Amino acid sequence: MPKIDWKKLKDRLWAKKARPFTVLAVLFLVFLVWQIVVRLPGGGPAGGPRGAAVAVEIAAVEKGGIRDVGTFSGTLIPKSYFTVVPKISGRVKELLVDIGDRLTRGQLVAVLEDEEYQQQAIQAEADLGVAKANLDEARSAQEFAQKEYDRAKALHQKGILSDAEIEAAQSAFSTRDARYKVTIAQLANQQAALETAKVRLSYTRIRAAWETGGDARFVGERFVNAGAMLSSNTAILSVIELQPITAVIHVTEKDYFRLKNGQPVVLTSGAFPGRDFAGRVARIAPLLKETSREARVEIGVENADGVLKPGMFVNARIEFVSRTDATIVPTSAIVNRGPLQGVFLADLESKKAVFQPATVGIIEGDRAEIVEPAGLAGYVVTLGHHLLENGTALILPEAASPAAKAAPGDKR
(Lines give C-alpha, C1' and ligand atoms only; values in the text may rest on other atoms or scores of the structure.)
Protein backbone atom coordinates (compact mmCIF):
# COMPACT_ATOMS: atom_id res chain seq x y z
CA MET A 1 0.00 0.00 0.00
CA PRO A 2 1.59 3.33 -1.08
CA LYS A 3 2.47 5.81 1.64
CA ILE A 4 0.20 8.95 1.86
CA ASP A 5 1.82 12.39 2.15
CA TRP A 6 -0.64 13.99 4.54
CA LYS A 7 1.04 17.40 4.44
CA LYS A 8 0.65 17.77 0.65
CA LEU A 9 -2.94 16.55 0.80
CA LYS A 10 -3.73 19.10 3.50
CA ASP A 11 -2.21 21.96 1.46
CA ARG A 12 -4.25 21.02 -1.66
CA LEU A 13 -7.52 20.88 0.22
CA TRP A 14 -6.81 24.25 1.86
CA ALA A 15 -6.03 25.81 -1.51
CA LYS A 16 -9.34 24.62 -3.01
CA LYS A 17 -11.29 26.01 -0.08
CA ALA A 18 -9.44 29.38 -0.15
CA ARG A 19 -9.93 29.99 -3.90
CA PRO A 20 -13.50 31.45 -3.62
CA PHE A 21 -12.38 33.79 -0.86
CA THR A 22 -9.47 35.03 -3.01
CA VAL A 23 -11.80 35.84 -5.91
CA LEU A 24 -14.15 37.75 -3.61
CA ALA A 25 -11.24 39.78 -2.16
CA VAL A 26 -10.03 40.76 -5.63
CA LEU A 27 -13.52 41.83 -6.69
CA PHE A 28 -13.88 43.93 -3.54
CA LEU A 29 -10.55 45.70 -4.16
CA VAL A 30 -11.55 46.47 -7.77
CA PHE A 31 -14.82 47.98 -6.51
CA LEU A 32 -12.95 50.19 -4.01
CA VAL A 33 -10.51 51.46 -6.66
CA TRP A 34 -13.40 52.26 -9.02
CA GLN A 35 -15.17 54.23 -6.29
CA ILE A 36 -12.02 56.25 -5.52
CA VAL A 37 -11.42 57.03 -9.21
CA VAL A 38 -14.95 58.27 -9.92
CA ARG A 39 -14.85 60.47 -6.83
CA LEU A 40 -11.65 62.28 -7.86
CA PRO A 41 -11.99 65.73 -9.58
CA GLY A 42 -12.77 64.97 -13.19
CA GLY A 43 -13.37 61.29 -12.44
CA GLY A 44 -17.08 61.28 -13.29
CA PRO A 45 -18.68 62.27 -16.54
CA ALA A 46 -19.05 65.92 -15.47
CA GLY A 47 -16.25 66.21 -12.89
CA GLY A 48 -18.25 65.31 -9.75
CA PRO A 49 -18.68 61.85 -8.29
CA ARG A 50 -20.61 59.83 -10.89
CA GLY A 51 -21.64 63.12 -12.52
CA ALA A 52 -23.60 64.17 -9.44
CA ALA A 53 -24.15 67.86 -8.67
CA VAL A 54 -21.59 69.48 -6.37
CA ALA A 55 -22.57 71.67 -3.44
CA VAL A 56 -20.61 74.96 -3.55
CA GLU A 57 -20.35 78.38 -1.97
CA ILE A 58 -20.41 81.42 -4.24
CA ALA A 59 -19.62 85.12 -4.02
CA ALA A 60 -20.46 88.08 -6.24
CA VAL A 61 -17.83 89.70 -8.46
CA GLU A 62 -17.39 93.24 -7.13
CA LYS A 63 -16.17 96.58 -8.35
CA GLY A 64 -14.16 98.69 -5.94
CA GLY A 65 -10.83 99.89 -4.72
CA ILE A 66 -7.83 97.66 -4.05
CA ARG A 67 -4.25 98.39 -3.03
CA ASP A 68 -0.92 96.65 -3.54
CA VAL A 69 0.66 97.02 -0.10
CA GLY A 70 4.03 95.60 0.90
CA THR A 71 4.52 94.60 4.54
CA PHE A 72 8.00 94.50 6.05
CA SER A 73 9.45 93.98 9.51
CA GLY A 74 12.21 96.20 10.85
CA THR A 75 13.96 97.76 13.82
CA LEU A 76 14.16 101.30 15.15
CA ILE A 77 17.56 102.97 15.47
CA PRO A 78 18.52 106.50 16.60
CA LYS A 79 18.59 109.20 13.95
CA SER A 80 22.13 109.94 15.14
CA TYR A 81 24.43 108.33 17.69
CA PHE A 82 27.81 109.32 19.08
CA THR A 83 29.89 108.79 22.20
CA VAL A 84 31.33 111.54 24.41
CA VAL A 85 35.05 111.01 25.09
CA PRO A 86 37.71 113.13 26.88
CA LYS A 87 40.57 114.58 24.85
CA ILE A 88 42.96 114.30 27.80
CA SER A 89 43.53 111.77 30.55
CA GLY A 90 42.38 112.36 34.12
CA ARG A 91 40.10 111.29 36.93
CA VAL A 92 36.36 111.96 36.69
CA LYS A 93 35.61 114.59 39.32
CA GLU A 94 31.90 115.02 38.50
CA LEU A 95 29.43 113.24 36.22
CA LEU A 96 26.56 115.65 35.72
CA VAL A 97 24.13 113.53 33.64
CA ASP A 98 22.80 109.97 33.65
CA ILE A 99 20.89 107.56 31.42
CA GLY A 100 17.76 109.08 29.89
CA ASP A 101 18.65 112.70 30.69
CA ARG A 102 17.81 115.27 28.04
CA LEU A 103 20.78 117.21 26.65
CA THR A 104 21.08 120.53 24.89
CA ARG A 105 23.74 121.51 22.40
CA GLY A 106 27.06 122.16 24.19
CA GLN A 107 25.81 121.10 27.63
CA LEU A 108 28.43 120.30 30.32
CA VAL A 109 28.23 116.57 31.10
CA ALA A 110 31.41 115.77 33.10
CA VAL A 111 34.35 117.45 34.86
CA LEU A 112 37.86 116.00 35.23
CA GLU A 113 40.30 116.86 38.01
CA ASP A 114 42.09 119.97 36.72
CA GLU A 115 44.77 120.95 39.30
CA GLU A 116 47.64 119.90 37.06
CA TYR A 117 46.25 121.75 34.08
CA GLN A 118 45.59 124.86 36.17
CA GLN A 119 49.25 124.87 37.24
CA GLN A 120 50.34 124.53 33.63
CA ALA A 121 48.22 127.53 32.74
CA ILE A 122 49.64 129.57 35.64
CA GLN A 123 53.19 128.64 34.59
CA ALA A 124 52.52 129.61 30.99
CA GLU A 125 51.08 132.93 32.11
CA ALA A 126 54.21 133.61 34.22
CA ASP A 127 56.48 132.75 31.30
CA LEU A 128 54.49 135.15 29.17
CA GLY A 129 55.11 137.91 31.71
CA VAL A 130 58.88 137.25 31.57
CA ALA A 131 58.75 137.36 27.79
CA LYS A 132 56.95 140.72 27.89
CA ALA A 133 59.61 142.15 30.27
CA ASN A 134 62.41 140.87 28.02
CA LEU A 135 60.68 142.50 25.09
CA ASP A 136 60.51 145.86 26.88
CA GLU A 137 64.21 145.62 27.72
CA ALA A 138 65.15 144.64 24.19
CA ARG A 139 63.05 147.45 22.77
CA SER A 140 64.81 150.03 24.95
CA ALA A 141 68.23 148.66 23.99
CA GLN A 142 67.28 148.64 20.32
CA GLU A 143 66.00 152.22 20.48
CA PHE A 144 69.22 153.38 22.24
CA ALA A 145 71.36 151.58 19.64
CA GLN A 146 69.32 153.23 16.90
CA LYS A 147 70.00 156.69 18.32
CA GLU A 148 73.74 155.98 18.72
CA TYR A 149 73.94 154.76 15.18
CA ASP A 150 72.10 157.84 13.84
CA ARG A 151 74.46 160.16 15.80
CA ALA A 152 77.49 158.25 14.54
CA LYS A 153 76.35 158.64 10.95
CA ALA A 154 75.98 162.41 11.39
CA LEU A 155 79.47 162.74 12.89
CA HIS A 156 80.93 160.53 10.17
CA GLN A 157 79.49 162.79 7.51
CA LYS A 158 81.25 165.75 9.18
CA GLY A 159 84.49 163.78 9.22
CA ILE A 160 84.65 163.60 12.99
CA LEU A 161 84.28 159.74 13.19
CA SER A 162 86.38 157.34 11.21
CA ASP A 163 85.02 154.52 9.07
CA ALA A 164 85.92 151.95 11.73
CA GLU A 165 83.90 153.83 14.33
CA ILE A 166 80.81 154.07 12.13
CA GLU A 167 81.06 150.36 11.36
CA ALA A 168 81.23 149.60 15.10
CA ALA A 169 78.12 151.70 15.72
CA GLN A 170 76.29 149.93 12.90
CA SER A 171 77.24 146.50 14.27
CA ALA A 172 76.02 147.41 17.75
CA PHE A 173 72.69 148.55 16.33
CA SER A 174 72.28 145.35 14.28
CA THR A 175 72.95 143.22 17.37
CA ARG A 176 70.38 145.11 19.45
CA ASP A 177 67.83 144.98 16.63
CA ALA A 178 68.27 141.22 16.21
CA ARG A 179 67.89 140.66 19.93
CA TYR A 180 64.71 142.74 19.87
CA LYS A 181 63.24 140.60 17.08
CA VAL A 182 64.13 137.42 19.03
CA THR A 183 62.27 138.68 22.07
CA ILE A 184 59.22 139.42 19.88
CA ALA A 185 59.29 135.81 18.70
CA GLN A 186 59.72 134.57 22.25
CA LEU A 187 56.73 136.61 23.34
CA ALA A 188 54.60 135.11 20.55
CA ASN A 189 55.77 131.63 21.57
CA GLN A 190 54.80 132.21 25.19
CA GLN A 191 51.42 133.58 24.16
CA ALA A 192 50.81 130.37 22.16
CA ALA A 193 51.93 128.25 25.13
CA LEU A 194 49.47 130.07 27.37
CA GLU A 195 46.62 129.53 24.89
CA THR A 196 47.54 125.82 24.68
CA ALA A 197 47.50 125.53 28.47
CA LYS A 198 44.09 127.21 28.59
CA VAL A 199 42.73 124.89 25.91
CA ARG A 200 44.00 121.82 27.78
CA LEU A 201 42.45 123.21 30.95
CA SER A 202 39.14 123.62 29.11
CA TYR A 203 39.33 119.94 28.11
CA THR A 204 38.74 119.05 31.76
CA ARG A 205 35.19 120.33 31.29
CA ILE A 206 33.59 117.82 28.89
CA ARG A 207 30.59 118.92 26.84
CA ALA A 208 28.13 117.16 24.52
CA ALA A 209 28.44 119.07 21.27
CA TRP A 210 27.06 118.44 17.78
CA GLU A 211 26.84 120.57 14.67
CA THR A 212 23.75 119.38 12.74
CA GLY A 213 20.28 118.12 13.62
CA GLY A 214 17.94 119.17 16.39
CA ASP A 215 18.92 120.95 19.59
CA ALA A 216 17.71 118.15 21.88
CA ARG A 217 19.41 114.79 22.43
CA PHE A 218 19.29 112.13 25.16
CA VAL A 219 21.84 110.13 27.13
CA GLY A 220 21.59 106.57 25.81
CA GLU A 221 24.21 104.81 27.95
CA ARG A 222 26.66 105.68 30.73
CA PHE A 223 29.99 103.82 30.60
CA VAL A 224 31.86 105.21 33.67
CA ASN A 225 31.17 106.52 37.15
CA ALA A 226 32.52 109.49 39.07
CA GLY A 227 36.02 108.77 40.36
CA ALA A 228 37.08 106.60 37.44
CA MET A 229 40.53 107.20 35.97
CA LEU A 230 40.26 107.79 32.22
CA SER A 231 42.71 107.89 29.40
CA SER A 232 42.07 110.03 26.36
CA ASN A 233 39.32 108.78 24.02
CA THR A 234 37.71 106.56 26.68
CA ALA A 235 33.92 106.62 26.17
CA ILE A 236 32.02 108.30 29.00
CA LEU A 237 28.47 108.14 27.66
CA SER A 238 26.51 107.85 24.42
CA VAL A 239 24.21 110.51 23.00
CA ILE A 240 21.26 109.64 20.76
CA GLU A 241 18.68 111.58 18.77
CA LEU A 242 15.07 110.36 19.04
CA GLN A 243 13.16 113.13 17.26
CA PRO A 244 13.09 112.14 14.48
CA ILE A 245 13.90 108.42 14.71
CA THR A 246 14.84 105.97 11.98
CA ALA A 247 13.28 102.61 11.10
CA VAL A 248 15.43 100.13 9.17
CA ILE A 249 13.87 97.45 6.96
CA HIS A 250 15.38 95.07 4.40
CA VAL A 251 13.70 94.37 1.05
CA THR A 252 14.29 91.80 -1.66
CA GLU A 253 14.86 92.65 -5.30
CA LYS A 254 11.16 92.04 -6.00
CA ASP A 255 10.22 95.16 -4.01
CA TYR A 256 13.52 97.04 -4.24
CA PHE A 257 12.82 98.64 -7.63
CA ARG A 258 9.34 99.75 -6.55
CA LEU A 259 10.69 101.93 -3.75
CA LYS A 260 11.61 105.59 -4.06
CA ASN A 261 12.74 108.32 -1.70
CA GLY A 262 9.91 110.23 -0.05
CA GLN A 263 7.44 107.36 -0.39
CA PRO A 264 4.87 107.36 2.47
CA VAL A 265 5.16 104.54 5.02
CA VAL A 266 2.84 103.49 7.86
CA LEU A 267 4.55 101.95 10.88
CA THR A 268 2.96 99.90 13.65
CA SER A 269 4.38 98.46 16.86
CA GLY A 270 3.16 95.72 19.14
CA ALA A 271 3.80 98.08 22.05
CA PHE A 272 1.04 100.43 20.77
CA PRO A 273 -1.82 98.29 19.37
CA GLY A 274 -4.12 100.13 17.00
CA ARG A 275 -1.80 103.12 16.60
CA ASP A 276 -0.14 104.08 13.29
CA PHE A 277 3.02 106.15 12.93
CA ALA A 278 3.60 108.07 9.71
CA GLY A 279 6.99 108.01 8.05
CA ARG A 280 8.71 108.38 4.69
CA VAL A 281 11.44 106.49 2.88
CA ALA A 282 14.61 108.48 3.62
CA ARG A 283 17.44 106.40 2.14
CA ILE A 284 17.70 103.34 -0.10
CA ALA A 285 20.95 101.39 -0.21
CA PRO A 286 22.47 101.24 -3.72
CA LEU A 287 23.24 97.51 -3.38
CA LEU A 288 21.77 94.20 -2.27
CA LYS A 289 23.92 92.07 0.00
CA GLU A 290 25.08 88.79 -1.49
CA THR A 291 24.41 86.80 1.67
CA SER A 292 20.75 87.78 2.05
CA ARG A 293 19.91 89.24 -1.39
CA GLU A 294 18.30 92.14 0.44
CA ALA A 295 18.85 95.90 0.48
CA ARG A 296 18.76 98.22 3.48
CA VAL A 297 16.06 100.88 3.48
CA GLU A 298 15.85 103.65 6.10
CA ILE A 299 12.54 105.29 6.99
CA GLY A 300 12.34 108.62 8.78
CA VAL A 301 9.67 108.96 11.50
CA GLU A 302 9.00 112.28 13.27
CA ASN A 303 8.28 110.66 16.69
CA ALA A 304 7.12 114.01 18.08
CA ASP A 305 6.05 112.58 21.44
CA GLY A 306 9.17 110.43 21.73
CA VAL A 307 7.33 107.17 22.44
CA LEU A 308 9.27 105.19 19.83
CA LYS A 309 12.62 104.00 21.14
CA PRO A 310 15.69 102.49 19.47
CA GLY A 311 15.68 98.71 19.42
CA MET A 312 11.89 98.37 19.17
CA PHE A 313 10.46 95.97 16.59
CA VAL A 314 8.11 97.55 14.04
CA ASN A 315 6.10 96.58 10.98
CA ALA A 316 6.12 98.84 7.93
CA ARG A 317 3.38 99.06 5.30
CA ILE A 318 4.26 100.66 1.96
CA GLU A 319 1.60 101.21 -0.70
CA PHE A 320 3.02 100.57 -4.18
CA VAL A 321 -0.10 100.71 -6.39
CA SER A 322 -3.80 101.40 -5.85
CA ARG A 323 -6.83 100.98 -8.11
CA THR A 324 -10.16 102.72 -7.55
CA ASP A 325 -12.36 100.79 -10.02
CA ALA A 326 -11.01 97.25 -10.09
CA THR A 327 -12.79 93.94 -10.70
CA ILE A 328 -12.46 92.04 -7.44
CA VAL A 329 -13.12 88.44 -6.40
CA PRO A 330 -12.23 86.53 -3.22
CA THR A 331 -8.78 84.95 -3.38
CA SER A 332 -10.42 81.63 -2.52
CA ALA A 333 -12.05 81.71 -5.95
CA ILE A 334 -8.72 81.54 -7.80
CA VAL A 335 -8.00 78.01 -9.09
CA ASN A 336 -5.54 76.31 -11.43
CA ARG A 337 -6.57 73.88 -14.12
CA GLY A 338 -3.51 72.55 -15.84
CA PRO A 339 -1.45 75.48 -17.13
CA LEU A 340 -4.38 77.89 -16.77
CA GLN A 341 -5.33 80.06 -13.83
CA GLY A 342 -8.86 81.31 -13.51
CA VAL A 343 -12.20 81.16 -11.68
CA PHE A 344 -15.35 79.07 -11.88
CA LEU A 345 -18.37 81.21 -12.70
CA ALA A 346 -21.67 79.98 -11.30
CA ASP A 347 -24.48 80.15 -13.87
CA LEU A 348 -27.47 80.67 -11.59
CA GLU A 349 -30.04 79.81 -14.26
CA SER A 350 -28.58 76.55 -15.52
CA LYS A 351 -26.87 75.84 -12.16
CA LYS A 352 -23.66 74.81 -13.84
CA ALA A 353 -20.03 75.79 -13.41
CA VAL A 354 -18.19 77.60 -16.20
CA PHE A 355 -14.39 77.77 -16.01
CA GLN A 356 -13.12 81.24 -16.97
CA PRO A 357 -9.34 81.71 -17.48
CA ALA A 358 -8.29 84.96 -15.81
CA THR A 359 -5.24 87.14 -15.22
CA VAL A 360 -4.80 88.06 -11.58
CA GLY A 361 -3.41 91.49 -10.64
CA ILE A 362 -3.17 92.95 -7.14
CA ILE A 363 -3.85 90.67 -4.17
CA GLU A 364 -4.83 92.41 -0.94
CA GLY A 365 -5.57 90.04 1.92
CA ASP A 366 -8.51 87.83 0.87
CA ARG A 367 -9.35 89.99 -2.20
CA ALA A 368 -7.83 89.62 -5.66
CA GLU A 369 -8.00 91.86 -8.72
CA ILE A 370 -9.00 90.30 -12.03
CA VAL A 371 -7.22 92.15 -14.83
CA GLU A 372 -8.43 89.98 -17.72
CA PRO A 373 -11.15 89.52 -18.80
CA ALA A 374 -12.07 93.13 -18.14
CA GLY A 375 -15.84 92.63 -18.14
CA LEU A 376 -16.00 89.77 -15.66
CA ALA A 377 -19.31 89.80 -13.75
CA GLY A 378 -21.72 87.50 -11.97
CA TYR A 379 -20.84 85.00 -9.26
CA VAL A 380 -17.72 82.92 -8.65
CA VAL A 381 -17.35 79.65 -6.76
CA THR A 382 -15.36 80.12 -3.54
CA LEU A 383 -15.74 76.68 -1.96
CA GLY A 384 -16.05 73.25 -3.56
CA HIS A 385 -14.30 74.12 -6.82
CA HIS A 386 -11.76 71.31 -6.30
CA LEU A 387 -14.55 68.94 -7.49
CA LEU A 388 -15.52 71.05 -10.49
CA GLU A 389 -14.85 70.89 -14.16
CA ASN A 390 -16.35 72.94 -16.94
CA GLY A 391 -20.08 72.20 -17.03
CA THR A 392 -20.36 70.47 -13.64
CA ALA A 393 -23.85 70.71 -12.12
CA LEU A 394 -24.03 72.85 -9.00
CA ILE A 395 -26.00 72.76 -5.78
CA LEU A 396 -26.26 76.44 -4.89
CA PRO A 397 -26.84 77.96 -1.45
CA GLU A 398 -30.45 78.91 -0.69
CA ALA A 399 -29.50 82.59 -0.58
CA ALA A 400 -28.42 82.41 -4.21
CA SER A 401 -31.95 81.73 -5.53
CA PRO A 402 -33.37 85.22 -4.90
CA ALA A 403 -30.05 86.72 -5.83
CA ALA A 404 -30.35 85.13 -9.24
CA LYS A 405 -33.24 87.44 -10.05
CA ALA A 406 -31.03 90.55 -9.94
CA ALA A 407 -27.54 91.31 -11.09
CA PRO A 408 -24.90 91.65 -8.36
CA GLY A 409 -24.58 95.23 -7.17
CA ASP A 410 -21.36 97.19 -7.41
CA LYS A 411 -19.44 97.66 -4.20
CA ARG A 412 -17.48 100.85 -4.27
Side-chain angles (χ1 to χ4, degrees), residues 36-72 251-259 293-294 317-397 399-400 403-404 406-412:
I36 293 172
V37 169
V38 298
R39 293 175 186 275
L40 290 174
R50 298 187 182 181
V54 178
V56 296
E57 293 289 339
I58 62 174
V61 178
E62 301 175 354
K63 286 285 189 178
I66 193 169
R67 303 181 305 159
D68 183 5
V69 179
T71 303
F72 310 91
V251 301
T252 62
E253 59 186 21
K254 174 185 175 183
D255 298 314
Y256 178 80
F257 296 100
R258 301 200 290 171
L259 291 171
R293 304 298 178 184
E294 292 180 329
R317 300 196 307 270
I318 303 176
E319 181 179 306
F320 297 117
V321 181
S322 64
R323 309 253 198 270
T324 57
D325 193 25
T327 302
I328 302 170
V329 300
T331 53
S332 58
I334 307 298
V335 296
N336 291 306
R337 286 295 181 266
L340 297 178
Q341 186 179 52
V343 296
F344 275 103
L345 294 172
D347 188 332
L348 302 184
E349 294 183 0
S350 63
K351 295 186 179 180
K352 289 189 177 182
V354 179
F355 179 71
Q356 174 62 62
T359 302
V360 179
I362 298 172
I363 296 178
E364 181 184 7
D366 59 354
R367 303 163 69 237
E369 176 194 20
I370 301 299
V371 179
E372 293 290 341
L376 186 69
Y379 292 85
V380 291
V381 177
T382 59
L383 183 64
H385 42 53
H386 64 288
L387 296 174
L388 300 182
E389 292 295 337
N390 201 28
T392 302
L394 301 178
I395 300 176
L396 299 174
D410 288 357
K411 188 175 183 179
R412 298 180 185 272

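These numbers were taken from a predicted model, which means no experiment stands behind them.
- Atoms CD1 and CD1, on Ile328 and Ile363 in that order, are 12.0 Å from each other to the nearest 0.5 Å.
- The CG atom of Leu394 lies 8.5 Å from the CG atom of Asp347; values are rounded to the nearest 0.5 Å.
- The two residues Ala358 and Ile370 come nearest to each other via the heavy atoms CB-CG2, 4.0 Å.
- Residues passing the side chain to side chain donor-acceptor pair (under 3.5 Å) test with Thr252, sequence neighbours excluded: none.
- Taking 4.5 Å as the limit, some side-chain heavy atom of Leu259 sits within range of a side-chain heavy atom of Val251.
- Under the rule for a side-chain contact (heavy atoms from CB on, under 4.5 Å), the partners of Glu364 that lie at least two apart in sequence or sit in another chain are Ile66, Arg67, Arg367.
- Counting heavy atoms from C-beta outward, Leu388 and Val381 have side chains that approach closer than 4.5 Å.
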Handout entry: Evaluation steps, side-chain contact (heavy atoms from CB on, under 4.5 Å), between Leu387 and Thr392
Key = CA-CA 9 Å; Leu387 296 174; Thr392 302; over 6 Å; no

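- For Val321, the side-chain contact (heavy atoms from CB on, under 4.5 Å) partners two or more places apart in sequence, or in a different chain, are Asp68, Arg323, Ile362.
- In this structure, the separation between NE2 on His385 and CZ on Arg337 is 8.0 Å, given to the nearest 0.5 Å.
- Here ring pair (Phe, Tyr, Trp, His ring centres under 6.0 Å) pairs that include residues 318-339, with residues two or more places apart or in two chains, number zero.
- Atoms CD and CG, from Gln356 and Asn390 in turn, are 9.5 Å apart once rounded to the nearest 0.5 Å.
- Residues satisfying the side-chain contact (heavy atoms from CB on, under 4.5 Å) criterion with Glu372, sequence neighbours excluded, are Thr359.
- For the atom pair OH (Tyr379) and CG (Leu345), the distance works out to 12.5 Å, reported to the nearest 0.5 Å.
- With sequence neighbours excluded, the residues that form a side-chain contact (heavy atoms from CB on, under 4.5 Å) with Ser332 are Pro330, Thr382.
- When all heavy atoms of Ala346 and Ile58 are compared, the closest pair comes out as CB-CG2, 3.8 Å.
- The list of ring pair (Phe, Tyr, Trp, His ring centres under 6.0 Å) pairs with a residue in residues 331-353, not counting sequence neighbours, reads Phe344-Phe355.
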Practice task
Determine, step by step, whether Leu396 and Lys351 satisfy the side-chain contact (heavy atoms from CB on, under 4.5 Å) criterion, reporting the C-alpha distance in whole Å, the side-chain angles of both residues, the deciding distance to 0.1 Å, and the verdict.
Solution key: CA-CA 7 Å; Leu396 299 174; Lys351 295 186 179 180; 4.0 Å; yes

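- Counting only heavy atoms from C-beta outward, the side chains of Ile334 and Val360 approach each other to under 4.5 Å.
- The closest side-chain heavy-atom distance from Gln341 to Pro357 is not below 4.5 Å.
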